[in-house]
Amino acid sequence: MLIKSNITLASSSKRRLDLLRKIGIEPYRIINPEINEMNFEDIPINKRPREIAFQKALAAKEKNPATDNFIIAGDNIVFRGKKTYDKTDKISEVKRYLNELSGKKHFVLGGLCVLSPNGEISKRTVKTEVFFKKLSNTEISDEDLQKDGLNKAGGYAIQNLGSLIVSKIKGSYFNVVGLCLFELVQMLKGLGWKNIN
């Protein structure tokens with residue numbers, strides 16, 4: 001049974017909420033931070049997800065300044081070389097992503113930010129290496145796989161059909177799903193959080 005915790009989740013992502021629930025955390029409040037992520041494209045890739053997560057947390061704090069909750073936010077970027085593979089709602093883009101990442105290694109950078117009730121800030125970046133198997137034209141054209149990748153960074157969901165095309169990872173699995181739980185809990189505890197469950 002989940003008991004509401006003293007945490008505000010600054011995210012509209014169902015995946016991040018589901019991940020928190022897996023470890024017994026039911027956010028007291030969920031706030032959609034509504035920031036324009038396109039405004040961060042000039043920031044180097046290795047710093048971008050952490051900065052976006054920070055701005056999401058600040059936006060949530062601004063929407064509810066009187067909160068005595070810990071505010072948590074996350075962001076993920078999928079990239080290979082200098083090229084990013086952002087969320088897309090176009091099947092044609094998902095197909096292109098799968099084709100370009102087929103048989104290759106790419107990276108998932110997860111940015112995390114926690115704001116404590118007394119104003120302390122903790123920010124981290126988690127990096128995971130992801131290896132795709134060599135995909136056939138039939139696999140890349142599979143409608144179910146393509147639909148599964150809609151609105152997912154990288155054009156795939158490792159927790160769903162993406163599990164059939166990811167041959168190996170090095171690092172945090174949950175970072176690829178959307179939120180590195182181990183790092184997040186360490187950050188929360190470092191700021192004095194105690195789960196009230």
Side-chain angles (χ1 to χ4, degrees), residues 1-38 40 45 47-64 67 69-79 84-89 106-117 121-128 130 148-163 166 169 171-191 193 195-197:
M1 179 179 174
L2 291 171
I3 300 173
K4 287 200 173 181
S5 189
N6 57 337
I7 282 176
T8 292
L9 174 62
S11 177
S12 59
S13 167
K14 183 179 183 299
R15 289 186 304 283
R16 292 193 176 111
L17 177 59
D18 287 344
L19 286 173
L20 288 176
R21 287 172 171 167
K22 283 181 184 297
I23 57 172
I25 295 176
E26 178 71 17
Y28 183 79
R29 185 176 286 106
I30 299 171
I31 295 177
N32 183 353
E34 297 178 311
I35 68 168
N36 186 354
E37 296 184 17
M38 302 296 287
F40 301 88
I45 290 175
K47 297 180 180 179
R48 195 181 306 164
R50 184 174 59 194
E51 182 60 27
I52 292 174
F54 177 47
Q55 294 302 323
K56 285 179 179 179
L58 291 179
K61 178 73 173 177
E62 190 172 318
K63 286 187 174 186
N64 188 29
T67 184
N69 285 351
F70 288 81
I71 299 174
I72 62 175
D75 187 73
N76 290 78
I77 290 180
V78 172
F79 75 97
T84 61
Y85 295 84
D86 303 321
K87 295 177 187 175
T88 179
D89 58 4
H106 63 270
F107 298 92
V108 178
L109 285 184
L112 297 170
C113 181
V114 178
L115 302 182
S116 74
I121 301 167
S122 180
K123 296 187 284 186
R124 288 188 194 175
T125 301
V126 180
K127 187 176 185 179
T128 305
V130 182
D148 193 47
L150 289 173
N151 297 307
K152 311 286 195 314
Y156 68 98
I158 193 172
Q159 70 276 23
N160 298 325
L161 294 180
S163 63
V166 173
I169 69 168
S172 170
Y173 166 82
F174 290 109
N175 185 46
V176 183
V177 178
L179 199 65
C180 183
L181 298 173
F182 175 81
E183 291 283 352
L184 178 64
V185 171
Q186 298 309 304
M187 292 164 69
L188 282 163
K189 289 181 176 178
L191 294 179
W193 175 79
N195 195 348
I196 60 174
N197 287 1

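Fair warning: this is a prediction, and the values are worked out from it, not measured in the lab.
- Of all the heavy atoms in Asn151 and Arg15, the pair that sits closest is O-NH2, 4.3 Å.
- In this structure, the separation between CG on Leu188 and CD on Glu183 is 11.5 Å, given to the nearest 0.5 Å.
- Take Arg29 and apply the side chain to side chain donor-acceptor pair (under 3.5 Å) test, not counting sequence neighbours, and it matches no residue.
- Legend: residues meeting side chain to side chain contact (heavy atoms under 4.5 Å, CB included) with Ile169, ordered by chain and number and at least two apart, are Thr128, Val130, Ile158, Val166, Tyr173.
- The two residues Ile71 and Ala10 make their nearest non-hydrogen contact at CG2-CB, 4.2 Å.
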### Message
Determine whether Ile23 and Val185 satisfy the following criterion, side-chain contact (heavy atoms from CB on, under 4.5 Å), listing intermediate values before the conclusion.
### Response
CA-CA 10 Å; Ile23 57 172; Val185 171; 3.8 Å; yes
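- Note that CG of Leu115 is 5.5 Å distant from CG of Leu58, once rounded to the nearest 0.5 Å.
- Remark: the backbone N or O of Asp86 is not paired with any side-chain donor or acceptor of Thr84 at under 3.5 angstrom.
- With values rounded to the nearest 0.5 angstrom, Cys113 atom SG is found 12.5 Å from Ile52 atom CD1.
- Residues Asn175 and Val108 come closest through the heavy atom pair ND2-O, 3.3 Å.
- Taking OG of Ser11 as the start and CG of Leu17 as the end, the distance is 8.5 Å to the nearest 0.5 Å.
- Using a 4.5 Å heavy-atom threshold, the side chains of Ile7 and Trp193 count as touching.
- Under the 4.5 Å side-chain criterion, counting only non-hydrogen atoms from C-beta, Glu51 is in contact with Phe40.
- Across every non-hydrogen atom of Lys56 and Pro33, the tightest pair is O-CB, 3.5 Å.
- In this structure a side-chain-to-backbone donor-acceptor pair under 3.5 Å is present from Ser163 to Asn160.
- Between Tyr156 and Leu161 there is no side-chain heavy-atom pair separated by less than 4.5 Å.
- Between the side chain of Asp75 and the backbone N or O of Ala53, no donor-acceptor pair lies under 3.5 Å.
- Among all heavy-atom pairs drawn from Gly178 and Asn76, the shortest one is O-OD1, 3.1 Å.
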Tell me, with the steps shown, if Thr8 and Ile72 meet side-chain contact (heavy atoms from CB on, under 4.5 Å).
-> CA-CA 6 Å; Thr8 292; Ile72 62 175; over 6 Å; no
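- Scanning all heavy atoms of the two residues, the minimum distance from Ile25 to Ser5 falls at CG2-CB, 4.2 Å.
- At a threshold of 4.5 Å between non-hydrogen side-chain atoms, the residues Ser116 and Phe70 count as touching.
- Remark: side-chain polar atoms of Arg50 are not paired, donor with acceptor, to backbone N or O of Leu112 under 3.5 angstrom.
- Side-chain contact between Asn64 and Asn69 is absent, with no heavy atoms from C-beta onward closer than 4.5 Å.
- Residues Leu19 and Phe174 are in side-chain contact: their nearest non-hydrogen atoms beyond the backbone lie under 4.5 Å apart.
- Aromatic ring orientation, Phe107 versus Phe79: parallel (interplanar angle below 30°, classes split at 30° and 60°).
- Rounded to the nearest 0.5 Å, atoms CG (Leu184) and NZ (Lys189) are 11.0 Å apart.
- Judged by distance alone, the side chain of Lys22 and the main-chain N or O of Asp18 form no donor-acceptor pair under 3.5 Å.
- Looking only at side-chain heavy atoms (C-beta outward), Pro27 and Leu20 come within less than 4.5 Å of each other.
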| Run the side-chain contact (heavy atoms from CB on, under 4.5 Å) check on Lys87 and Lys152 step by step: do they pass? | CA-CA 5 Å; Lys87 295 177 187 175; Lys152 311 286 195 314; 5.7 Å; no
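- The distance from atom CG of Asn32 to atom CG of Leu9, rounded to the nearest 0.5 Å, is 10.0 Å.
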